[in-house]
Colleague: 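This is the structure I want to talk about, given as structure tokens.
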Amino acid sequence: MRSNRAALRAGVSMAATLPMIAGALALGIPAAQAADGPARDTLAGTKPAWATTKADKGATADSAQVSARVYLAGRDAAGLAAYAKAVADPSSPVYGKYLSAKQSQARFGATKAQVAAVKSWLKAAGLKVTGTTQHYVSVTGDVAAAEKAFGTQLHNYTKGAKTYRAPSKTASAPAALDGAVLTVTGLDNAPHKAASKDELPPPDAVFKNSGPFSSYFGSNVASSLPSAYGTKIPYAVQGYTGKQLRSAYGAGGYTGKGVRIAITDAYASPTIAFDAATYAKKHGDADWKTSQLTQVLPSTYTKTEECSAAGWYGEETLDVEAVHAVAPAANVTYVGAASCYDDDLLDSLSKVVDNHLADIVSNSWGDIEANQTPDLAAAYDQVFQFGAVEGIGFYFSSGDNGDEVANTGTKQVDTPANSAWVTAVGGTSLAVGKGDKYLFETGWGTEKAALATDGKSWTDFPGAFTSGAGGGTSKTVAEPFYQKGVVPNALATANSAAGNRVVPDISAIADPNTGFKVGQTQTFPDGSAQYSEYRIGGTSLAAPVIAAVQALAQEARGGKAIGFANPSIYATYSKFGSRVYHDVTDNPTGSGLAVARVDFANGYDAADGLLTSVRSLGKDSSLSAVKGYDDVTGVGTPASGYIESYRKH
């Protein structure tokens, strides 16, 4: 779930009116010529939707500085998209015929001549080349040079309560470059950053859950508290462990042996090795083997205060411990970004792809779709497509604010989970009973009501919406081929008659009131740093759980990479349905469901009193988990037959 300490992208959210990325599964390849310059090719999506005539405050000073990235389209952008689709499609003759990182670059990457031509153009305009990778050329310079290079003036525009720079028209590149440029980012200077998706306390201040607890769902009924939905309700679980999650999602004897999982977040927890080892020992998980957990980190970190760096430590801790709890033999590589900005997060994803660090990548971060500009979407999609070609699958949290209306005032999905090239992971409330038996799940959506002062009723029951699994229909991404005929037409066409991407694809446990127990070193009131444990949730839990389940599935198919999983997920759903997926609904028992929760008022002890509340399950904003596919849980959660189904692929 989004951390309270990780700042969202600055500015007021706006209704997403961004240009569609061309094609259901294709990049916006710069091909059309600019209307006023036949010698230039436009770079679609480089003028943000918020840079309107009404918001225009005039030209940016020529001397102002610009830092930009010019992303390279490569030698065959259309071919990359086509092969990425084919290699992931079980009905394709090239299904599973992955390329190595070296082969994919040789076939689809930019040529030396293209890179040289792009650098020459940028230098001739007066920009300084500050770095070159196989994906982009980074430059700095003044506004005058940037305007010359990209064929557009840069103006200042109001966005919410602030003012930012942006192109006054769509940027372009010389036609002589023959389509070598995919897009350019950085011409607008509105913050492009992500927030972690978790319910985590800051590691510099301890957080603990108060009891009473249930050890499994329903084990401890709150008999002294008021009823809810006509019955006495149980206390929230203390926090499920790996044993309970493995049972719920049909792990069987699989452990993820021989499979590599990468986790991307910003920054890095300084106590991750100790915390992960301590947690595993305390909860019966397999010991971490030598070199089973590795980190790939940048040489320096930036924007630590702006990004609330400490808030990301717990995100890494959750991701690492959840993956190991469900797939205890999988190798885990943590790839930390230098900041929470998109450029740095893109660099981390690219490290995974360029060095094939893993076959499965868990990502528990993102932002609202309205804040994602098409230029960045194209850059992300290119990385995801290269990953698909190599047999790498990306799993992204769908968000923790339901339809986002309560958070932003606008109904929308989250990004990068909205990309047609990633697996968007939604969230559920999970009930695991005695003997680790799977009981049921609801879609994750919480309404909260406090205990009345007389202790005899719940105030304004069921209370206000607090959080829930992100989902809905994209406004900017076209409907991908794998969702057609599976996703209900009413959802697909909610924003366009032609159909759009619907989120999520699959789901797992996310509700913090039926959450996972995690262990982390935190700072106590006396200033000491101590290891402690607490219950946690959010789709940042669901994503690593599904990534770990996919590792078990990869082991089941003999270690062969699953790659981009969506075509298989939907094909398996169409073929086997409830034999491999739990069909999650909001009302699985026929009556309302809720748990009682008791919290320390100060977050760590009873010195300042206790807060008692009722948390209803299955109340996700305007979204509903219903029979069949839905925009809270996708096709559902993995059932006992899910992992075994991959043996047939």
Colleague: Going by atom types alone, do Ser474 and Asn500 pair a side-chain donor with an acceptor below 3.5 Å?
Modeller: no
Colleague: For Gln372 and Thr476, test the side chains for any donor-to-acceptor distance below 3.5 angstrom and give the result as yes or no.
Modeller: no
Colleague: For the residue pair Phe564 and Trp421, does the interplanar ring angle fall in the parallel (under 30°), tilted (30 to 60°) or perpendicular (over 60°) class?
Modeller: tilted
Colleague: Sequence neighbours excluded, which residues qualify as side-chain contact (heavy atoms from CB on, under 4.5 Å) partners of Asp630?
Modeller: Ala625, Val626, Val632, Thr633
Colleague: Looking just at side-chain N and O atoms, do Ser568 and Tyr95 make a donor-acceptor pair shorter than 3.5 Å?
Modeller: yes
Colleague: Tell me, please, which residues at least two apart from Asp436 pass salt bridge (charged side-chain N to carboxylate O under 4.0 Å, His left out).
Modeller: Lys243
Colleague: Side chains of Thr442 and Asp586: donor-acceptor distance under 3.5 Å anywhere?
Modeller: no
Colleague: Cut-off 3.5 Å, no hydrogens considered: what does the side-chain donor-acceptor table look like for residues 220-231, sequence neighbours left out?
Modeller:
| from | atom 1 | to | atom 2 | distance (Å) |
| --- | --- | --- | --- | --- |
| Asn220 | ND2 | Phe213 | O | 2.9 |
| Tyr229 | OH | Ser616 | OG | 2.9 |

Colleague: List the residues meeting salt bridge (charged side-chain N to carboxylate O under 4.0 Å, His left out) with Lys437, not counting sequence neighbours, and say none if there are none.
Modeller: none
Colleague: Holding to salt bridge (charged side-chain N to carboxylate O under 4.0 Å, His left out), I want the full list of residues that pass it with Asp505, two or more places apart in sequence or in another chain.
Modeller: Arg501
Colleague: Mind checking side-chain contact (heavy atoms from CB on, under 4.5 Å) for Asp359 and listing every partner two or more places apart, or none if nothing turns up?
Modeller: Arg260, His356, Gln554, Ala561
Colleague: Cut-off 3.5 Å, side chains only: do Gln238 and Tyr235 have a donor facing an acceptor?
Modeller: no
Colleague: Could you verify whether a donor N or O on one side chain and an acceptor N or O on the other, from Thr264 and Trp365, lie under 3.5 Å apart?
Modeller: yes
